[in-house]
Amino acid sequence: MQCWFLQGHSKVAPCALALALAFLTLHTSSRAADAAFTQFIASLWPEAQTAGVSRATFDAQTRGLEPDYKLPDLILPGRPATGTPSQAEFVQVPADYIKEASIARLAEEGQRLLAKYRPSLDGIETRFGVPSTIVLAIWGRETDYGRYTLPYDGLRVLATQAYVGRRKDKYRGEFILALKMLGDGAVTRKDMRASWAGATGLTQFLPSEFYQHGVDFDGDGRVDIWHSVPDALASAAQQLVNKGWQKGVRWAYEVRAPANVDCTLGVPEVTKPIGEWLRDGFVPVRGEKLGAAEAAQPASLLQPEGIYGPAFLTTKNYFVIKEYNFSDLYVLFVGHLSDRMSSPQPFATPWSASTQLRSADVEAMQRHLTRLGLYKDKLDGKAGMQTRAALGAYQKSAGLKVDCWPSEAVLRSIRAAR
């Protein structure tokens, strides 16, 4: 639009008129979008009623509800996509995410909380078989032991994600269960603060997880993951158990990989007993001797930075924690923080100074690797286990150094091959 801010009515008036029309168009469009949102929310009443939500609760909680179009992970008609979520798990290299200063601070506070909540933690460990340090580490990572105030109105987040999110079907159900939580008196609207993805409480549960895994551990007759530390930690333990936690099994072992390690083996599908990995040249970094039961445990190889940085043999429990938050860096943070509450030792092998490519570049790699039949997972721009293994396979075929890491050199090779 061209405007002239010159003296004289012949120039100023057309500009003012154009600006007024533009404002009116935007305002009308916004009102139309919000009207469509209101209509969408109203259409959910039959499902909410089936789920046990009363009409009074539905009307009271949805009256005046507005979408939040600034959230990530939205697809907005007529506007650029807001993009995939900017979770640190997916945009930072390990050294940036698993900062030594953060781990040390949280480990020290965790040791204090171990003493403060000892009776409850002992009871949780006895009942669920999940170590106290693991549930404390989850609490520390999720909300800094309750010191982090979640920034969003949980109901508004879930409603927006159900309306225009990338995973609308999932959030449709979560929104209805959030209404049920409010109607059941499980939480007040004021306390239902959430992350951008709708998780709430000290240990970050979605409404469906609250109903599936919530535990009244303090015995007051209600599940309160917002104010009761015993309830929140027991609920986290119950979620891990429900996802397959194995009592007495460590989450992972840090190892030194042999010089000739094939990093393409670093996928969950390749498992063998820990003792077999050790016979293949992997060595526990602290020189620990494993008993027969430990050596018999099946494990997968994890090299978060390809052949650079630390390497781990990951057990079933590693992948159980990953079900809590689907990120290798999240699991490494929680597992390492748990270990540090018992031992002050950092990872034996330091993280390398690797840099992560832009997500768009990693996604371009994934598309090419998919066309070659080397990659069959999501096109998400994230350098996870499957992407790193596929890159290693490509490096083998292209005669490049096999390091299973998305580098500029691999990107140049892929671009040249297209």
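Keep in mind the model is a prediction, meaning the values are calculated, not measured.
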Do the side chains of [Y] and [X] get nearer than 4.5 Å, heavy atoms only?
{"X": "Asp191", "Y": "His227", "answer": "yes"}
{"X": "Ile103", "Y": "Leu337", "answer": "yes"}
{"X": "Asp153", "Y": "Met192", "answer": "no"}
{"X": "Lys396", "Y": "Asp262", "answer": "yes"}

Classify the ring geometry of [X] against [Y]: parallel below 30°, tilted from 30° to 60°, perpendicular beyond 60°.
{"X": "Tyr163", "Y": "Phe37", "result": "perpendicular"}
{"X": "Tyr324", "Y": "Tyr330", "result": "parallel"}
{"X": "Trp139", "Y": "Tyr117", "result": "perpendicular"}

ask   = In terms of side-chain geometry, is the basic nitrogen of Arg250 or Glu288 positioned less than 4.0 Å from the acidic oxygen of its partner?
value =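 Salt bridge present between Arg250 and Glu288.
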message = Do the side chains of Arg167 and Glu174 get close enough for a salt bridge, i.e. N-O under 4.0 angstrom?
response =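 Here Arg167 does not pair with Glu174 in a salt bridge, since their nearest N and O are not under 4.0 Å apart.
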Interatomic spacing from [atom1] in [X] to [atom2] in [Y] - rounded to 0.5 Å:
{"X": "Phe319", "Y": "Phe326", "atom1": "CZ", "atom2": "CZ", "answer": "9.0 Å"}
{"X": "Phe58", "Y": "Ile176", "atom1": "CZ", "atom2": "CD1", "answer": "8.0 Å"}
{"X": "Ser235", "Y": "Phe217", "atom1": "OG", "atom2": "CZ", "answer": "10.0 Å"}
{"X": "Arg112", "Y": "Leu114", "atom1": "CZ", "atom2": "CG", "answer": "10.5 Å"}
{"X": "Ser120", "Y": "Glu125", "atom1": "OG", "atom2": "CD", "answer": "13.0 Å"}

Looking just at side-chain N and O atoms, do [X] and [Y] make a donor-acceptor pair shorter than 3.5 Å?
{"X": "Thr315", "Y": "Gln297", "answer": "no"}
{"X": "Gln386", "Y": "Gln366", "answer": "no"}
{"X": "Tyr97", "Y": "Ser327", "answer": "no"}
{"X": "Asp73", "Y": "Gln161", "answer": "no"}
{"X": "Tyr211", "Y": "Asp184", "answer": "yes"}
{"X": "Trp196", "Y": "Asp68", "answer": "no"}
{"X": "Arg189", "Y": "Gln61", "answer": "yes"}

query = If you count the non-hydrogen atoms of other residues, nucleotides and ligands that lie under 6.0 Å from NZ in Lys316, is the total more than 12?
reply = no
task = May I ask you to check whether over 12 heavy atoms, not counting those of Glu108, lie within 6.0 Å of atom CD?
result =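 No - once you tally the heavy atoms of other residues, nucleotides and ligands closer than 6.0 Å, there are 12 at most.
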Enumerate donor-acceptor pairs with a distance under 3.5 Å from any side-chain N or O in residues 44-54 to protein atoms, sequence neighbours excluded.
from	atom 1	to	atom 2	distance (Å)
Glu47	OE1	Arg172	NE	3.1
Glu47	OE2	Arg172	NE	2.8
Glu47	OE2	Arg172	NH2	2.6
Thr50	OG1	Pro46	O	3.0
Ser54	OG	Thr57	N	3.0
Ser54	OG	Thr57	OG1	3.0

inquiry  = Applying side chain to side chain donor-acceptor pair (under 3.5 Å) to Ser413 and Tyr394, what does each step give before you reach the verdict?
reply    = CA-CA 10 Å; Ser413 174; Tyr394 172 80; 2.7 Å; yes
